[in-house]
Amino acid sequence: ISILIALNMEKLGGVFDVHTKATSLYSAPMFIPVLLGLVVTRTPWWSGMLSFVVGVVSIVSVSLIMNLTQGLPANSFNALFLDINLSVLGLEVTRYELQMLIGTGASTACFFASMLVNKRAGDYKTRIESLEKDLQTPAWANADLPADQRGLTAYRLTARLAIIIGGMLLLITIPTLTAPSWHLNTIGGTIAILIGIAILTATKNPKQ
């Protein structure tokens with residue numbers, strides 16, 4: 001599949017455009033059960049896998065239907081990357097937004113629907129109840145033991161990288177001031193710098 005996409009990259013709109021459309025095929029159906037699974041445990045063991053499959057199948061099906069309704073080809077994998085023109089409540093929706101909405105909705109609906117057939121028995125019942133008990137048990141730190149400050153090093157490194165990246169984005173803004181989207185680099189760079197400063201400030205006094 002990767003080779004097929006690479007051979008048709010230019011025809012399909014370029015690397016960035018193809019990347020966003022490709023990730024929208026699976027990202028929403030994958031992350032919905034992962035995120036919901038952290039807080040909802042009243043589902044069978046196969047709930048996450050089925051939610052992912054249903055989400056992907058729904059995305060592919062709706063995408064191909066949209067191709068047919070707009071006179072686009074729907075006879076190959078490349079058809080999932082062609083641009084579509086769709087207006088929802090006055091808002092322009094591209095294939096990326098459509099696939100993310102469909103994938104999120106279908107995956108979420110399947111995840112919660114699976115709760116209706118949840119049957120806890122045997123080893124699975126033991127394991128899931130043990131997990132629930134573990135999640136509900138607070139993990140209190142031992143106040144008598146000195147806190148390990150080595151983990152803060154990673155946060156400080158991340159903060160410095162954020163400041164550097166933010167500064168680079170602001171520098172890139174200078175030669176692009178005449179471009180319509182010059183403000184995007186300015187906003188992104190400013191946010192990155194502020195995040196870096198906030199992290200450095202928060203980790204300045206480890207005892208707090």
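What's counted below: heavy atoms across the whole structure, side chains too, no hydrogens, waters or symmetry copies.
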Please answer: with hydrophobic residues joined when any side-chain heavy atoms are less than 4.5 Å apart, are [X] and [Y] in the same cluster?
X	Y	value
V60	I32	no
Y96	M30	no
I102	F31	yes

For the atom pair CZ (R95) and OG1 (T20), what is the distance rounded to the nearest 0.5 Å?
11.0 Å
Taking transitive links into account, so neighbours of neighbours count too, which hydrophobic residues share a cluster with L200 at under 4.5 Å side-chain distance?
I163, L170, I193, I197
Is M168 isolated, or which residues cluster with it under the ILVMFWY side-chain rule of less than 4.5 Å, directly or via members?
I164
Applying side chain to side chain donor-acceptor pair (under 3.5 Å) as the test, list every pair that has at least one member in residues 27-46; sequence neighbours left out.
T41-E132
Sorted by chain and residue number, the salt bridge (charged side-chain N to carboxylate O under 4.0 Å, His left out) partners of E129 (sequence neighbours excluded) come out as K125
If you count heavy atoms of other groups shown closer than 6.0 angstrom to CG of L38, is the number above 12?
yes
In the structure I gave you, are the side-chain heavy atoms of [X] and [Y] within less than 4.5 Å of one another anywhere?
X	Y	answer
S47	S51	yes
L68	I65	no
L98	M66	yes
T104	Q99	no
T94	I84	no
P29	I59	yes

What residues form a side-chain hydrogen bond (donor to acceptor under 3.5 Å, both in side chains) with S107, not counting sequence neighbours?
none
How would you list, by chain and number, every residue that makes a side-chain hydrogen bond (donor to acceptor under 3.5 Å, both in side chains) with D134, sequence neighbours excluded?
none
Is the side chain of N67 donor-acceptor paired with the backbone N or O of L72 at a distance under 3.5 Å, no angle test?
no
Would you confirm whether S130, through its side chain, and T126, through its main-chain N or O, come within 3.5 Å as a donor-acceptor pair?
no
Quick check: closest heavy atoms across V54 and A106, and the distance to 0.1 Å?
CG1-O, 4.1 Å
Note: V40 and F112 closest approach over all heavy atoms is CG2-CE2, 4.4 Å
